[in-house]
Amino acid sequence: MRYIQADDFSLRDTVESGQTFNWIEKEAGYISTDLGQVVYVEQRKNRLYYETSHHGPDLRGLFRLDDPLTEIQKEIVRDDTMRASVDFAPGLRIVSNPFYPCLISFICSIRKNIPTIKSIMQSFRDRFGPTYQFRGEQLKGFPSPEQVAEASPKDLRGLGLGWRADFVYKTTQAILQDDVSEAMLREMEYEAAHKKLKTLHGVGDKVADCVCLFSLGFLEAFPIDVWIERVIQDKYGILSSAGKSYAKKSRAAREYFGKYAGYAQEYLFHYTRMGNQYRSI
DNA sequence: CGGCAGGGAGGCC
DNA sequence: GGCCTCCCTGCC
């Protein structure tokens, strides 16, 4: 296998911290079929070995290996809770997910836990996705908006989406009509992109921030879900005192942690979920 | 089995 | 803006 150098990086912490649903554990590494091809990656110390079905993937971009992690961590560590969170998984980086699969996965995440979301994503691949050949076997990739649009809301409900089926249907229609596109969002500032994303059905404050951070690279986005909300209540009076609304707390987090607030959120999220250890700080 | 989750829409004020 | 209710589904 070919490899690239990957310093200050943990593949496992990065893909298993709830920010991506595009990587599936396989052998000693992870495989993704949601990148327009099949990509297998495996970390051995500071090297990222990989194998693909087609052209070379931009692994440095996908895992944001060129983000100045030392500087980022120095910037966001402003208290003991964040110190412990960063020390817990110092190789955790924000991912750069493919836009449409990311959007759909976080719409489907509403009131669903991570295993269920992974299962739904696989159903999308099995039912509507393209087929790739890899190492002599056939694998299904995540479908394009065009492929999902061939399904009716009723078909989508069959995937276990429930009332989220209408969200997926309407959002896919909006993407196909170019009401919202990845290109236009990437030309915007964070606030404008967040606002634009919320015009999509099923995309509120939290889902919009997840797409901003985990796909579009707006590192200042600070998604607040119930886990982060608990941390804020328990450890960050400075944020909860900013107000009760999502917008106020999220803005306060950007002011407190700075331009890399998204990294702060992800370190907190991962640390908190891996055993509620923040309680003992 | 009743209750409850890793949000958002739509209606209301 | 803030608050309220409803929403599928799986799981305890």
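What's counted below: heavy atoms across the whole structure, side chains too, no hydrogens, waters or symmetry copies. Within every chain, numbering begins at 1; the chains are lettered A, B, ... in the order of the sequence lines, protein sequences first and strands thereafter.
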Not counting sequence neighbours, which residues clear ring-ring contact (aromatic ring centres under 6.0 Å, His included) with A/F128? List them please.
->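 A/F128: no ring-ring contact (aromatic ring centres under 6.0 Å, His included) contacts found.
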Partners of A/F21 by ring-ring contact (aromatic ring centres under 6.0 Å, His included), sequence neighbours excluded?
->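 Partners of A/F21 by the ring-ring contact (aromatic ring centres under 6.0 Å, His included) criterion, ordered by chain and then number, come out as A/F106.
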Tell me the interatomic distance from [X], atom [atom1], to [N], atom [atom2], rounded to whole angstroms.
X      : N     : atom1 : atom2 : result
A/L197 : B/dG7 : CG    : P     : 17 Å
A/D205 : B/dG8 : CG    : P     : 7 Å
A/I228 : B/dG7 : CD1   : C1'   : 15 Å
A/K249 : B/dG7 : NZ    : C1'   : 13 Å
A/I107 : B/dG8 : CD1   : P     : 10 Å
A/I104 : B/dG8 : CD1   : P     : 14 Å

For a quick check of understanding: with a heavy-atom distance under 4.0 Å over all strands, which category does [X] fall into, base, sugar-phosphate or nothing?
X      : value
A/I114 : base
A/L200 : sugar-phosphate
A/F167 : sugar-phosphate

With ring centroids as reference points, do A/Y30 and A/Y40 lie under 6.0 angstrom apart?
->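 Judged by ring-centre distance (under 6.0 Å), A/Y30 and A/Y40 do not meet the cut-off.
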When the aromatic ring centroids of A/Y271 and A/W227 are compared, is their separation below 6.0 Å?
->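 Distance test on ring centres: not under 6.0 Å, no.
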Pi-cation contact, A/F142 with A/R125 (under 6.0 Å, within 45°) |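 No, a cation-pi geometry is absent between A/R125 and A/F142.
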Under 3.5 Å for both distances, Watson-Crick or G-U wobble, that's the pair rule; now give the dot-bracket for DNA chain C, with | marking pairs to another strand and [ ] for crossing ones.
-> |||||||.||||
Residues A/D13 and A/H270: side-chain donor-acceptor under 3.5 angstrom =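 A/H270 and A/D13 do have a side-chain donor-acceptor pair below 3.5 Å.
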Would you mind checking if A/D80 and A/K235 are paired as a salt bridge, meaning a charged N to carboxylate O distance below 4.0 Å?
->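 A salt bridge is absent here (no side-chain N lies under 4.0 Å from a carboxylate O).
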Salt bridge between A/E75 and A/K259, side-chain N to carboxylate O under 4.0 Å?
->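 Salt bridge flag = no for A/K259 with A/E75.
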Could you list the residues that satisfy side chain to side chain contact (heavy atoms under 4.5 Å, CB included) with A/D87, not counting sequence neighbours?
->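 Once residues adjacent in sequence are excluded, the partners of A/D87 under the side chain to side chain contact (heavy atoms under 4.5 Å, CB included) criterion are A/R83.
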Between A/I110 and A/H201, which has a closest nucleotide on DNA chain B that is more 5'?
->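 It is A/I110 whose nearest nucleotide is closer to the 5' end.
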Gap in Å between the two P atoms, one belonging to B/dG11 and one to C/dC8, rounded |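 Comparing P positions in B/dG11 and C/dC8 gives a spacing of 16 Å.
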Can you list the steps and then say if A/Y236 with A/F257 is a ring pair (Phe, Tyr, Trp, His ring centres under 6.0 Å)?
-> CA-CA 11 Å; A/Y236 288 97; A/F257 291 115; 5.6 Å; yes
Salt bridge (Lys or Arg N to Asp or Glu O under 4.0 Å), paired with A/E51, selected from A/R135, A/R2, A/K26 |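 Between A/E51 and the candidates, salt bridge (Lys or Arg N to Asp or Glu O under 4.0 Å) is satisfied uniquely by A/R135.
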Within the sub-3.5 Å range, which N or O atoms of nucleotides 1-5 of chain C have a protein N or O partner, and how far apart are they?
unit_1: C/dG2; atom_1: OP1; unit_2: A/K248; atom_2: NZ; d: 3.3
unit_1: C/dG2; atom_1: OP2; unit_2: A/S245; atom_2: OG; d: 3.2

Nucleotides 6-12 of chain C: protein proximity per nucleotide (B base, S sugar-phosphate only, - neither; heavy atom, under 4.0 Å) = -BBS---
